[in-house]
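Right, one structure below, let's go through it.
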Amino acid sequence: MEKKNIILIIRRGPLEIEWILPVLNELYQKKLDIFVYFNNYKCFNLVKKSKSVFKKLNKISKMFYVQKKTDFLLEKILRKISVILSLKKIEIFFSDKIHSFENLLKKLRIQNINNVSYVLSEYGNLTYTLELLSKISRKNRPKIVQYPAAPTVNLDNDKRIKETQAGKIAKLKIFADLILINSNKGLAYWKFYNLNKYAQIKVVGVPTFDKKILKKKKNKKNKKKILLALNDIELHKLLPGELDLFKKYLSLFFEEIKKFRDVYVVLKQHPNKPLDIEKYLNRKYIYQISKKDMLDEIIDTNILVTQFKTSATVYGPLYKLPTISWPNIFKGAYRENKDPYAELGVTYEIKNIKDLKKKLNLALKYPNNVIWKLQQKNFLKRFNSNDSPIKKVILELEKLNN
């Protein structure tokens, strides 16, 4: 692979970096220069708080740039005036100036677009900038590569697909030349996007699950750790009573854990949207808050418990842990009736609070039960972790330039 530059675009937070980081390490070893463009300071500060991710990225990056609110201020003001005056052509002119890829290159101090091999980003990042870039001849521009920000698998019952089928939302556009996905079970999802005519969709697995970088599982003597992974709460979408039900589940979970000796809870919050859990507890409970990334936190865990439709679920069977997921108690936010990861067979979705208590007991007393063994078998089948995801991604990148 010829020595050239790579641009990584980050919009939300550390998850976008975690997925691609093992690949970036390989590219760095191949003497490619990595430039990182953060879309805003909120995102940049979240990444800095994730010390492990930030340290690793900082080590291999040639330059960071964080977009400021004052960037292209004059153009933004003139565009706003043109919108007020309904001057559509002038509005488009200034939009194109603000979002031009050449401006992004200037911020990163890259002189020539022909010296950039790839632009890497999560699906949906800087969409208009990438659209403008995609209109340049493929021979004269970097290849656009997009990837998931977690071990996410979107099945064909996904909310976005249902809303697209119902005509509630238009098909979303993706301007990538290469789309990397975690599992072949997610292929159907991409039929509901308008893709670049050159776009290739490749199943590569999850680079962070590569055996080359996985750490050995640790077992603590006389103690069992339950890792509770929680999403953020989209309060504006909740139906009446759903927040109270969440509080009930949360409190009863901690009450149940108190019954066991030598068991403790570590709370893993969503790294992009951390939840203030104290607001939702009716009394004080003892727990720790994780400051590690998921791979570092999971290695000494005994049981993984997640909310509905949480991609962190997949880390459980990766490390051969009993994995339990809550049912959908936020029906205002999630339209799916069944957890997609339960459909994949990599978690057990509990039926109700009584079932939660029962399965926690089973997981603590019988960690080798057939329920958990089947999760691990399904994980290997769905994610094909015997092959090297890092090598697969590198191979697909090299094919793009041939």
- Query: Got a donor-acceptor contact below 3.5 angstrom from the Asp300 side chain to the Lys218 backbone?
  - Reply: no

- Task: Would you give the length of the straight line joining atom CG of Leu360 to atom CG of Leu252, rounded to the nearest 0.5 angstrom?
- Result: 11.0 Å

- Is the CG atom of Leu74 crowded by more than 12 outside heavy atoms at less than 6.0 Å? yes

- Task: Start with the C-alpha distance between Ile201 and Leu187, add both sets of side-chain angles, then the distance that settles side-chain contact (heavy atoms from CB on, under 4.5 Å), and finish with yes or no.
- Result: CA-CA 8 Å; Ile201 302 170; Leu187 281 168; 3.8 Å; yes

- Message: On a heavy-atom basis, which atom in Gly186 and which in Trp190 lie closest, and how many Å separate them?
- Response: O-CD1, 3.5 Å

- Applying side chain to side chain contact (heavy atoms under 4.5 Å, CB included), name anything that partners Thr301, two or more places apart in sequence or on another chain. Lys225, Leu227, Ile298, Leu321

- Separation between CD1 (Ile353) and OH (Tyr249), nearest 0.5 Å, reads 5.0 Å

- Between the side chain of Asn5 and the main-chain N/O of Asn115, is any donor-acceptor distance below 3.5 Å? yes

- Short side-chain donor-acceptor distance under 3.5 Å, Asn401 and Tyr118: yes

- Could Glu336 and Lys309 be called an ion pair, given the rule that one side-chain N must be under 4.0 Å from one carboxylate O? yes

- Message: Would you say CZ of Phe260 has more than 12 non-hydrogen atoms from neighbouring residues, nucleotides or ligands within 6.0 angstrom?
- Response: yes

- Lys76 (side chain) donor-acceptor with Lys69 (main chain) under 3.5 angstrom: yes

- Does the gap between the ring centers of Phe94 and Phe72 come in under 6.0 Å? no

- Message: Run the side-chain contact (heavy atoms from CB on, under 4.5 Å) test on Leu133 and Lys143 for me, step by step, so that the C-alpha distance in whole Å, both residues' side-chain angles and the decisive distance to 0.1 Å come before the verdict.
- Response: CA-CA 9 Å; Leu133 177 61; Lys143 303 302 186 294; over 6 Å; no

- Do the side chain of Ser290 and the main chain of Lys292 share a donor and acceptor less than 3.5 angstrom apart? yes

- Item | Pairwise side-chain contact, Thr127 with Lys173, heavy-atom cut-off 4.5 Å (strictly under) | no

- Task: Give every residue pair that meets the side-chain hydrogen bond (donor to acceptor under 3.5 Å, both in side chains) criterion with at least one member in residues 262-271, sequence neighbours excluded.
- Result: Lys220-Tyr264

- Note on the structure: Tested for side-chain contact (heavy atoms from CB on, under 4.5 Å) against Phe101, the lone hit among Leu132, Ile136, Val119 is Val119

- Within-4.5 Å side-chain heavy-atom neighbours: Ser311 and Pro151: yes

- With distance as the sole criterion, is a donor-acceptor pair present between the side chains of Asp355 and Tyr348 under 3.5 Å? yes

- Note on the structure: Value for CZ (Arg79) from CD1 (Ile90), rounded to nearest 0.5 Å, stands at 14.0 Å

- Do other residues, nucleotides or ligands put more than 12 heavy atoms under 6.0 Å from the NZ atom of Lys391? no

- Item | Heavy atoms of other groups near Lys106 NZ, more than 12 under 6.0 Å | no

- Would you check if there is a donor-acceptor pair between the side chains of Ser100 and Asn103 at a distance under 3.5 Å? yes

- Item | Polar side chain donor-acceptor pair, Ser121 to Gln146, under 3.5 angstrom | yes

- With side chains defined as the heavy atoms from C-beta onward, is the minimum distance between Ile113 and Pro142 less than 4.5 Å? yes

- Message: Checking Thr313 against Thr306: is there a side-chain donor and acceptor pair closer than 3.5 Å?
- Response: yes

- Item | Donor-acceptor under 3.5 Å (Tyr319 side chain, Lys216 main chain) | no

- Should we count CD of Gln111 as having more than 12 external heavy atoms under 6.0 Å? no

Show every donor-acceptor pair shorter than 3.5 Å between a side-chain atom in residues 21-29 and any protein atom, with sequence neighbours excluded, or say none if there are none.
residue	atom	partner	partner atom	Å
Asn25	ND2	Leu21	O	3.4
Glu26	OE2	Lys212	NZ	2.5

- Does a side chain donor of either Tyr285 or Glu255 reach within less than 3.5 Å of an acceptor in the other side chain? yes

- Item | Gln307 side-chain N/O to Trp326 backbone N/O, donor-acceptor pair under 3.5 Å | no

- Query: Hey, what's the ring geometry for Phe246 with Phe330, parallel, tilted or perpendicular (30° and 60° as the breaks)?
  - Reply: tilted

- Item | Sequence-distant partners of Asp71, side chain to side chain contact (heavy atoms under 4.5 Å, CB included), two or more places apart | Tyr65, Gln67, Lys68, Lys107

- Message: Does any part of the side chain of Val116, heavy atoms only, come nearer than 4.5 Å to the side chain of Phe35, both counted from C-beta?
- Response: no

- Query: Okay, side chain of Gln376, backbone of Trp372: is any donor-acceptor separation there less than 3.5 Å?
  - Reply: yes

- Query: Is the number of heavy atoms from other residues, nucleotides or ligands within 6.0 Å of OH (Tyr198) greater than 12?
  - Reply: no

- Item | Verdict with supporting geometry, Leu362 and Ile371, side-chain contact (heavy atoms from CB on, under 4.5 Å) | CA-CA 10 Å; Leu362 183 68; Ile371 293 177; 3.8 Å; yes

- Message: Between Glu349 and Asp339 (side chain of the first, backbone of the second, donor and acceptor by atom type, cut-off under 3.5 Å), is there such a pair?
- Response: yes

- Query: Taking side chain as C-beta onward, heavy atoms only, is Leu46 less than 4.5 Å from Arg12?
  - Reply: no

- How would you list all residue pairs meeting salt bridge (Lys or Arg N to Asp or Glu O under 4.0 Å) that involve residues 47-59, not counting sequence neighbours? none

- For the pair Ser251 (side chain) and Lys248 (backbone), establish whether a donor and an acceptor sit closer than 3.5 Å, ignoring hydrogens and angles. no

- Can you tell me how far the NZ atom of Lys354 sits from the CG atom of Leu356, to the nearest 0.5 Å? 13.0 Å

- Task: State, with a plain yes or no, whether a side-chain heavy atom of Asn154 is found less than 4.5 Å away from one of Pro340.
- Result: no

- Message: Please tell me whether Ser134 and Asn196 have a donor and an acceptor in their side chains that are separated by less than 3.5 angstrom.
- Response: no

- Message: Rounded to the nearest 0.5 Å, what separates atom CD1 in Ile213 from atom CG in Asp210?
- Response: 6.0 Å

- Message: Can you tell me how the ring of Phe308 sits relative to the ring of Tyr334, calling it parallel under 30°, perpendicular over 60° and tilted otherwise?
- Response: tilted

Considering only distance and modelled atom types, tabulate donor-acceptor pairs under 3.5 Å from the side chains of residues 175-183, sequence neighbours left out.
residue	atom	partner	partner atom	Å
Asp177	OD1	Arg138	NE	3.4
Asp177	OD1	Arg141	NH2	3.0
Asp177	OD2	Arg141	NH1	2.9
Asp177	OD2	Ile144	N	2.7
Asn182	OD1	Trp19	NE1	2.9
Asn182	ND2	Ala150	O	2.9
Asn182	ND2	Thr152	O	2.8
Ser183	OG	Lys185	N	3.2
Ser183	OG	Arg382	O	2.9

- Would you call Lys365 and Asn361 a side-chain contact if the rule is heavy atoms closer than 4.5 Å? yes

- Message: Could you go through Phe383 and Leu318, starting from their C-alpha distance and side-chain angles, then the distance that decides it, and tell me whether this counts as side-chain contact (heavy atoms from CB on, under 4.5 Å)?
- Response: CA-CA 10 Å; Phe383 290 88; Leu318 170 69; over 6 Å; no

- Query: Quick check: does any side chain N or O of Glu242 sit under 3.5 Å from a backbone N or O of Gly332, one acting as donor and the other as acceptor?
  - Reply: yes

- Query: Considering only heavy atoms from C-beta outward, does the side chain of His99 approach that of Leu104 to under 4.5 Å?
  - Reply: no

